[in-house]
Protein chains: 2
Amino acid sequence: MTTPDTPTALVGEDLETWAALATVLEWLPAALDSQLQRDAQLTHFEYGVLYALANAPDSTLRMSVLSGYANSSLSRLSRAVTRLESRGWVRREPDPVDGRFTLAILTDSGRTKVDEATPGHAQTVHRLVLDRLTKPQVRQLREISRRITRAIGDGQEWEPPR
Amino acid sequence: MTTPDTPTALVGEDLETWAALATVLEWLPAALDSQLQRDAQLTHFEYGVLYALANAPDSTLRMSVLSGYANSSLSRLSRAVTRLESRGWVRREPDPVDGRFTLAILTDSGRTKVDEATPGHAQTVHRLVLDRLTKPQVRQLREISRRITRAIGDGQEWEPPR
DNA sequence: AGCATTCACTTGACTGAGCAAGTAATCGCC
DNA sequence: GGCGATTACTTGCTCAGTCAAGTGAATGCT
């Protein structure tokens, strides 16, 4: 008689799957950063910030909203925006509606930067991920990713950073 | 007539899939680190090092081999082992066979540490990933992950860190 | 209206990772 | 067998990220 115990170690297929995923978790972000760094002197995270601003109305977002889009803590975002600001791609303004909020605003040269960086990044995502998979696999990957994200959100003992 | 151009931006299903995966890439490592940090004062990377040693003959591996197993650069590994050494879980010895190699050796208390940390980590992997997926999805995830890893390895302009 | 509280960041101290330069051990070649 | 590569790390510097404490703006309670 077998019992569906909570497992105390990963074995067999589970271990292999986890090992494969863990490798992706380690290498894919590094590969993405590498391309963006080489071609646009941007980390993937910084690109994400610029991209989110580029797709926002008036190229403007409150820091706290932006940190949500970028899956980031406010302090990480604050430092990243400082860097982007010093390179002239973003500027900050207090929100006239409520001075506690800070608006991050994409500058014209920031927009140019995103536009230049986007094709290379999109190509890399295709080359490393999308083009390697069958269409059903792409769908599965989306569903699998969402399930994992939901599981993380559900965890009572851990809040994803905002 | 449509042409299969190299795309210059991600749109539609591709964008959604990529966004979902990017979220996993951001949150899953953080969630894993969070549990291990809380329950065992270990990063996921440090756990991986101890785990690899625990499963090696004589609980011993050359630094360069270990860095392969841990998907890490030698310099990152060197620093991690320094930390683990200072906590008494690993010790270093020059390889008697060839003094250029350094052997990393798991201590008894290091073994105890891995054994204590493993069930909680395995549970977290189940809770966040494996238990959320159907069996076919687990298989697909393994295959998808391997394809992505292979794609990264193929890239001529980027070598995965050893 | 006045003052403590809350909110939305920002910043200082510290840690971990990458890169490149350094170091010690061994190998290869004459 | 001596000496210039090569190999296998290690380490100094710099930078990004976290945590916790700090700051300035708005809110609420009386």
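Throughout, a chain's letter reflects where its sequence line sits, starting with A, and its residues are numbered from 1.
Straight-line distance from the CG atom of Asp33(B) to the P atom of dT15(C): 17 Å, rounded to whole Å. Atom CZ of Arg62(B) is separated from atom P of dC9(D) by 8 Å (rounded to the nearest Å). Following rounding to the nearest Å, His44(A) (NE2) and dG18(C) (C1') show an atom-to-atom distance of 19 Å. Atom CG in Leu74(A) sits about 17 Å away from atom P in dA21(D), given to the nearest Å. As rounded to whole Å, 14 Å separates atom C1' of dG16(C) from atom CG of Leu42(B). As rounded to whole Å, 14 Å separates atom P of dC19(D) from atom CZ of Arg38(B). Rounded to whole angstrom, the span from the CE atom of Met63(A) across to the P atom of dT11(C) amounts to 10 Å. In this structure, the CZ atom of Arg76(A) is 17 Å from the C1' atom of dC9(C), given to the nearest Å.
The pair Arg62(A)-Asp98(A) does not count as a salt bridge, with every side-chain nitrogen at least 4.0 angstrom from each carboxylate oxygen. Using a cut-off of 4.0 Å between Lys/Arg side-chain N and Asp/Glu carboxylate O, Glu143(A) and Arg147(A) are scored as salt-bridged.
In this structure, Ser64(B) reaches the dC9(D) phosphate: one of its side-chain N or O atoms is under 4.0 Å from OP1 or OP2. Side-chain N/O atoms of Ser78(B) include none lying less than 4.0 angstrom from OP1 or OP2 on dC9(D).
Between the side chain of Arg91(A) and the main chain of Leu106(A), no donor-acceptor pair closer than 3.5 Å is present. Of the possible donor and acceptor atoms, none in the side chain of Thr118(A) sits under 3.5 Å from a partner among the backbone N and O of Asp115(A). Although no hydrogens or angles enter the test, the distance criterion places no donor-acceptor pair under 3.5 Å between the side chain of Ser59(A) and the main chain of Arg111(A).
Residue Arg79(A) places its side chain closer to dG12(C) than to any other of dG18(C), dT10(C), dG12(C). Taking only side-chain atoms of Arg83(A), from C-beta outward, the nucleotide of dA16(D), dT18(D), dA17(C) with the closest atom is dA16(D).
The stretch residues 91-103 of chain A comes close to DNA chain C through Arg92(A), Arg100(A), Phe101(A), Thr102(A), each having a heavy atom under 4.0 Å from the strand.
Residues Glu26(A) and Ser75(A) each lie close to DNA chain C; by heavy-atom proximity, the contact nearer the 5' end of the strand is made by Ser75(A).
Using a 30° and 60° split on the angle between ring planes, His121(A) and Trp18(B) fall in the perpendicular class, above 60°.
A side-chain N or O of Thr82(A) and one of Arg92(A) form a donor-acceptor pair less than 3.5 Å apart.
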